[in-house]
Protein chains: 2
Amino acid sequence: MTVTLKDVAQAARVSVSTASRALTGTGLTSERTQQRLTRIARELGYRPNPIARGLKTGQSRLVALLVHNLTNASFQVMAEVVQARLKALSYQMLLCIGGDDPQQESDTLTTLVDHRIDGLIVVPTGKNGPQLKALAKDVPIVCLVRRDDATDLETVLADDPQGAYLGTRHLIELGHKRIGLIVGRQDTTSGRERLSGYVRALREAGITRDDTLIHAGHFVPETGATGCRKLLDLSRPPSAIFVANHEATLGVLRVTAERNIAIPDDLSLLCYEDMPWFEWHRPAISIVDNGARDLANLAVDRLLHRMEAKGNGNDGVREYRVGARLIKRDSCRQLDAPVSTRSTKPKSPSKSSAAKSSASKPAKV
Amino acid sequence: MTVTLKDVAQAARVSVSTASRALTGTGLTSERTQQRLTRIARELGYRPNPIARGLKTGQSRLVALLVHNLTNASFQVMAEVVQARLKALSYQMLLCIGGDDPQQESDTLTTLVDHRIDGLIVVPTGKNGPQLKALAKDVPIVCLVRRDDATDLETVLADDPQGAYLGTRHLIELGHKRIGLIVGRQDTTSGRERLSGYVRALREAGITRDDTLIHAGHFVPETGATGCRKLLDLSRPPSAIFVANHEATLGVLRVTAERNIAIPDDLSLLCYEDMPWFEWHRPAISIVDNGARDLANLAVDRLLHRMEAKGNGNDGVREYRVGARLIKRDSCRQLDAPVSTRSTKPKSPSKSSAAKSSASKPAKV
DNA sequence: CGATAGACTGCAATCGATTGCAAGAACGCT
DNA sequence: AGCGTTCTTGCAATCGATTGCAGTCTATCG
C-alpha cells in the first residue's frame, strides 16, 4: 500500500542502504545519486516510517507533555506553545491529562515510556517521585510549574514568591492595609510560596500579619466562595482581596456578585494567573501573570538541551525561575481616593432602576 | 538497558517465539509455561516495546484527536472524554491543535499518518477534503462537530438546527418577540444551521423574521461586541439576545456591562455551549448545551467500531446527530412579568451608593 | 506395540528502516 | 603503468517484536 524505502531503491536501481543514505543526507553518497533519489522519492510519495526508524534508532520523535487538566488557562497556553515549538522541529507532541491524580499520572508515565518518547515535560503531582527518578535515566525529563521534592529533576518554576510579593505590594501601594489572601493548599509548593511572598510584602510595609485575613484551601472554586464569605464577614473586613489560588477566582466573583459588592469601589480584587475572559470582564480583572508562555518556552529549551546532550545535559542548574509580572487592569482602586463619581451614561435601553446594573464602570479615569 | 523479550526468554530457558506466544496469550502454549513466563516477565519488569510490535503488526496504539484549539470549552471536554475512553483500551491519545488553519491541519494530518496512528477523530477545517479522503483509505477517520463536504466521511455532529430552535423557542415562550441573534459565519455548517433553527422557531410562532436583528460574524469576541452594539442601537432594540456564536459571548457580556444593562432585567441573554464559569457568573448564564460529552463519546464509539471492522465498518449511516438541550439558569426572564423587585440584601460592606453594583442579583425567586 | 493425532515448542523469516564493513570505482601521484 | 587514496555503493546484521512452518513429544487408539 504505502511506499517503502525498498520501493524507492528498486525504482532507482540502487540498494536500500544507498537509498537510505541518500535520503537522510549523510553525505556518504554522490551528489548525483542523492538528487536522483530525492526526486524519485518525491515522485513516488515516499514517507519514511517513523516506527521502523524508531526501532533502529531508539527514537520516536514523540515528546510528551503531561498536565493536570485543560481547564486551566495556563495549561492551555503551555500546550499551545509546546506544540508549536516541537512541531517546528518535526516532533509530535503527546498531550496527556493527568488530572492531578497520582495513580493516573503513574499509569500515563508508564505508557509514555513504553512508547519510547524522546522527552517529557511534566507537571508533577509530587507523589510519584521514585518513578520519575527512575524514568529520568531512560528519557530526558523536565518538570514544569511544580517541583517534585523526591527527585533532583531539572525544574522550571514560576516565581511565585515574587509574584505574590508584587501583587501584594501593588495593593499596598494603592493604600490598602487590610488585604485578604485566598491561597492554595499549604502542602503544595505554590501554596506556600505565594503565602510567603504576601507575608514579605506586608512585613516590608510594616503591616502586621493578620491570620484571620488568610484563607488556604483546595484548588476548586468553592474554596474561593467560602474564603470570600469568611473574609467579608469579619468585623473588620479587608478592603482588598488577593486571590492567589487560581481556581478559587470563580467562587470569589460569585460571592461578591451575590452580595452586590462593587469592584473595585467596594472591594479591590487582584487575581493570580490570567483567564481569557478577564480582560473582557467588567471591570477587567487585574492579575499577577505567572508567565505561562515563558515557562513553556523555557521548559522546551531545557528539554531540547537535554535531548541533544544525550544524558549529560547537567549544567549544574537544577531550578529555573520565570519572573511574574503584574498586569494592571480595572479591578483594584486607590484606597484613599474618593469613590469614583464619573458620569454614568445610561443611554442603553435600561428599563430597570439605577439600583441594579450588571457591572461597575471601568475604574480608570 | 531495558528488558526485552529475549531477556525474558533466556531467563525462562525458552525461545523468543514461545515467550511471545505465552505473554500475548495466544493459547498456543501450555498453561504451565504461560504462567511461568508471566511471572518471570513481571519479575524482570518486562514491558513490550510498542514500536517493535507496531513495526510487525502495523499498529501503533495511537489515536489522534485533532481540534482547533483548547480555549473552547467544548474541545476541552471532548479531549478529556476521548483521553479517558482510549486509555481504558490502552490506546494513547495524540492531541493535536490545528488552529482552524488549513495549512496547519494538512501538515498535522501528514505527520499523524506517518506515525501510523490507528485512528483519527478530527474537527475538519473543511479545506482539506481531498487529503482527508485519501487518508481515510489507510486509517479509520471520524469527523467531529464539523462536516467536510468534500468527503463522505462518517461524521458526528451536534444537532445545531434543533439546538438553535430550542433556544429560540425558549425565549419566545418567555414572551420575547424581538430576539437578536448573533451567529457564526454563514459559510460554516454550524453558522447556517443555527440560523435556520432560529428562523424555524420564529416562523412556528408566527413571528416575522427581521434581518436587522441578525448579526453573523467570525468566531471571535469582537463579533459579539459589534453585534451587540448594533442590536442595542436599533430604534427598536431586542428584548433578548441569543448568542449562538460561542466565541462571541465575551464581547456581548462586555458591551452589556459597559452600558450598564442589567441581565436579565433589561435584556435576556441566552448563549450557545457552556463555559466552566457560566454557572458561577451572576446571573448564571442560561445556555443551549451542544452535548460535547455525548459528541465525544459517540465519536469514540464510531471510531472504535471502524477500527475493529478493519476497513468495512460501513453501516450505511454517514451522519450522526447528538441532541442539544437547554440548560435554564438565570439570564433569561419572563418578558410580560414585571421587573423583579425582590429584596436586595446589602449586608455587604458596601460603601458605595446603591447606584452601582458589580452584578444583578440571581433572577430565580 | 506401532501408528497417528494433537499439543507444544523452536527455527527462521519478516516488518522498514539504519549502519559497520568491505568491495569496487575513480582518481592522483611517482 | 603501478600503487595507494578517496568516494561510492552493496551486503548483511540489527533493532524487538510476531508468526508460518516444521519438528518433538506425549497420549490415545486399534
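Lettering of chains follows the sequences in order, A, B, ..., and the numbering in each one begins at 1.
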ask   = For B/Arg47 and B/Arg21, take the nucleotide of DNA chain D holding the closest heavy atom to each; which residue's nucleotide lies nearer the 5' end?
value =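 Checking each residue's closest nucleotide, the 5'-ward one belongs to B/Arg47.
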task = Could you pick out which residue, B/Arg116 or B/Glu31, lies toward the 5' side of DNA chain C when each is mapped onto its nearest nucleotide?
result =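 On the 5' side of the pair lies B/Glu31.
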- Query: How far does OH of B/Tyr91 sit from CD of B/Gln59, to the nearest 0.5 angstrom?
  - Reply: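 CD of B/Gln59 is found 5.5 Å from OH of B/Tyr91.
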Measuring from atom CG of B/Asn69 to atom CG of B/Asp100, what distance do you get when rounded to the nearest 0.5 angstrom?
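It comes to 8.0 Å.
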- Does anything in residues 7-17 of chain A reach DNA chain C, meaning a heavy atom under 4.0 Å, and if so which residues?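 Nucleic-acid contacts, sorted: A/Ser17.
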Review point. Below 4.0 angstrom from OP1 or OP2 of D/dT8, is there any side-chain N or O of A/Thr18?
Key: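 For A/Thr18, the contact criterion (side-chain N or O under 4.0 Å from OP1 or OP2 of D/dT8) is not met.
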Checking all strands, does [X] fall into the base, sugar-phosphate, or nothing category for heavy-atom contacts under 4.0 angstrom?
{"X": "A/Thr26", "result": "nothing"}
{"X": "A/Ser20", "result": "base"}
{"X": "A/Pro50", "result": "nothing"}
{"X": "B/Thr4", "result": "sugar-phosphate"}

Could you walk me through whether B/Thr111 and A/Gln92 pass the side chain to side chain contact (heavy atoms under 4.5 Å, CB included) check? CA-CA 8 Å; B/Thr111 316; A/Gln92 249 301 313; 3.7 Å; yes
Query raised in the report: Do A/Asn72 and A/Gln76 meet the criterion of a side-chain donor-acceptor pair at a distance under 3.5 Å?
Result: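 A/Asn72 vs A/Gln76: no donor-acceptor pair found between side chains.
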Please tell me whether B/Thr33 and B/Ser30 have a donor and an acceptor in their side chains that are separated by less than 3.5 angstrom.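 Side chains of B/Thr33 and B/Ser30: pair found under 3.5 Å.
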**Asked** Would one find more than 12 heavy atoms of other residues, nucleotides or ligands at under 6.0 Å from atom NZ of B/Lys127?
**Response**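 Not buried by this count: 12 neighbours or fewer within 6.0 Å.
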**Prompt:** Whole Å only: how far is the CG atom of B/Leu28 from the P atom of D/dC21?
**Reply:**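 Taking atom P of D/dC21 as the reference, CG of B/Leu28 is at 14 Å.
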Where do A/Leu112 and A/Leu120 come nearest, in terms of heavy atoms and distance?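 Answer, listing the atom of A/Leu112 first, then A/Leu120: CD1-CD1, 4.2 Å.
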### Query
What is the minimum heavy-atom distance between A/Leu37 and A/Thr18, and which atoms define it?
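Answer, listing the atom of A/Leu37 first, then A/Thr18: CD1-O, 4.2 Å.
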>> Any carboxylate oxygen within less than 4.0 angstrom of a Lys/Arg side-chain nitrogen, looking at A/Arg321 and A/Glu319?
In response: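 Result for this pair is yes, salt bridge flagged.
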Discussion item. What is the first contacted nucleotide of DNA chain C and what is the last, in 5' to 3' order, if contact means an atom lying under 4.0 angstrom from a heavy atom of chain B?
Written reply: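 Contact boundaries, 5' end first: C/dC8 to C/dG16.
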